[in-house]
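A note on names: the letters A, B, ... follow the listed sequences, proteins ahead of strands, and every chain is numbered from 1.
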Amino acid sequence: MTLSIAGVAARPKTATPVQTRKFTLPLRWISPVALVLLWQLASSTGVLSPDKLASPLTVAQAAGELVADGQLGEAFAVSITRVLFGFLIGGFAGVVLGLVSGLSRWGETLLDPPVQMLRTLPHLGLIPLFILWFGIGEEPKLALVAAGVAFPLYLNLHAGIRQTDPGLVEAARVLGYSRFERIVHVVLPSAVPQTLVGLRIAFGTAWLSLIVAEQINADAGLGFLINNAREFLRTDVVVVGLVVYALLGLTTDALVRLLERRILRWRAR
Amino acid sequence: MASPVKPAVSVRGLHKAFGARTVLDGIDLEVEPGEFVALLGRSGCGKSTLLRILAGLDREVGGEAEVPGTVSIAFQQPRLLPWRKVWRNISLGLHKPNGRAIALKALEEVRLTDHADAWPLTLSGGEAQRVSLARALVREPDVLLLDEPFGALDALTRLAMHHLVEDLWARHKPAVLLVTHDVDEALLLADRILVLDEGRIVATHHVALPRPRRRASVVEQRTRVLADLGVDVEEAA
């Protein structure tokens, strides 16, 4: 009898943390929602002129129109293609260079010094050179994204490989692993967590590079949409473009987190 | 020792120095196949260095160290690959087609079959060390090197591990070189105890006690081995 009472009594205890969790998430939304309401209030009362910043409702309306007439979809497709190809080029370069300099002593001696020097250059400062080299078409935009992606991937992959626990490599040697097996089963897996950090940074810089690159003479894409809207004082469209940029960044970040959880599941207890 | 069988380990005049510091100063050692030898000494006496040399991890040495057969090793830390499942940790490097079956059999010997598909980080210290032992033994080594494999375990787990190691040794009969600073452990397990100090073997004890040994049966010899290590237990008693 006492036992069954204890069993019943224990139940609400386990339910408590779930309840607090349910409450904390909405609580965190109070201030952002309040800010948006305040913004709407300021616009409606005329404190905030639409030439400076459109009201949330106008922005939502503009978003609806841009989606309906296909402009947003088109701009979105152009921008995402730029990031994708820039990312592929830069990612390939970063990974290949990182592997060569991480896995071979000669590779490190020859590759690491110049890469470390170049990485101190702010890559967005390369725009004038890229325009001179590649003109004002798609190429400088891809090059800028690629440059933004290659360095964080290189640095983190290289550091990850260097951080391999020598004890594990030693054990693998005594236990008869070939050099190839040591790389595949010991060195590369231990570089993965750091490389995923690099991947997240790389996506961040990729979007940043795109936004900056699309300010230069773009005739399509989200940047073009925004610049075009500026000329007509359409702050609502500008804000829509910014929100889409933000959502894209959040999406890629979430994707990497998902990938992290999947690949690093051995870490979970 | 004149023996018709080729020794599992033979070391002659082994020297090793790190810079100006001599770690091994003329070691001579032969281990018979199937013999259980304990290397006993304080930290820094060179016992782990000797083991690393025998494992082939350190080749810049003076003198000769020969291990003709296959060598396997278990370290103080289990050194399992955390990103490979338990059974893969055992079968990797074996280069045999039926790796999983072999790994499962080895896990059965250390009574961890249920954990074959677990991630190593979910194991307790004792379990991880048992996997490490299974991984070492599955290579059917002629020489098994044990570098303080029980050093990081709690006292109760260590007792269980002593029995397990003795059991596995009796079944597979590799020559064993156990590095330890635990006199009781050495007396419980070894046929021969070598006391190392400042890079030299300063004493050899043959332990002829019948197996399985109990703590009480080793007490008498314990005092003599401790005396060689410079520990006077008479005084404490």
From CG (B/L94) to OH (A/Y177), nearest 0.5 Å | 9.0 Å

Per-residue contact mode, B/R79 against chain A (heavy atom under 4.5 angstrom) | both

Do A/R267 and B/W83 come close enough that some side-chain heavy atom pair is under 4.5 Å?
-> no

Would a 4.5 Å heavy-atom cut-off, applied to side chains only, mark B/P120 and A/W266 as touching?
-> no

Non-hydrogen atoms of B/L81 and A/V186 that approach each other most closely = CD2-CG2, 3.8 Å

Evaluate whether atom CZ of A/R162 has more than 12 neighbouring non-hydrogen atoms of other residues, nucleotides or ligands under 6.0 angstrom away.
-> yes

Relative to chain A, which segment of B/L145 carries a heavy atom at a distance below 4.5 Å: side chain, backbone, both, or neither?
-> neither

Within a reach of under 6.0 Å around CZ of B/R12, are more than 12 heavy atoms found that belong to other residues, nucleotides or ligands?
-> yes

For B/E198, does the CD atom have more than 12 heavy-atom neighbours from other residues, nucleotides or ligands under 6.0 Å away?
-> no

Top of A/G167, A/A171, A/G176, A/P189 for chain B proximity - count of heavy-atom pairs under 4.5 angstrom | A/P189

CZ (B/R200) with more than 12 external heavy atoms under 6.0 Å = no

Are more than 12 heavy atoms from other residues, nucleotides or ligands located less than 6.0 Å from atom CZ of B/R171?
-> yes

Proximity breakdown for A/E170 and chain B, heavy-atom pairs closer than 4.5 Å = both

Contact list (residues 96-113 of chain B to chain A, heavy-atom gap under 4.5 Å, by number) returns none

Smallest separation among heavy atoms of A/L175 and B/I73, with atom names | CD2-O, 4.4 Å

Nearest 0.5 Å, what's the NE2-CG distance between A/H185 and B/N89?
-> 10.5 Å

Please indicate whether A/F85 has more than 12 foreign heavy atoms, meaning atoms of other residues, nucleotides or ligands, lying under 6.0 Å from its CZ.
-> no

Just wondering, more than 12 heavy atoms not from A/Q116 lying within 6.0 Å of its CD?
-> yes

Pairs of heavy atoms under 4.5 Å with chain A: top-ranked of B/G93, B/P141, B/S132 = B/G93

Residue among B/P82, B/A74, B/S72 with most heavy-atom pairs under 4.5 Å to chain A = B/P82

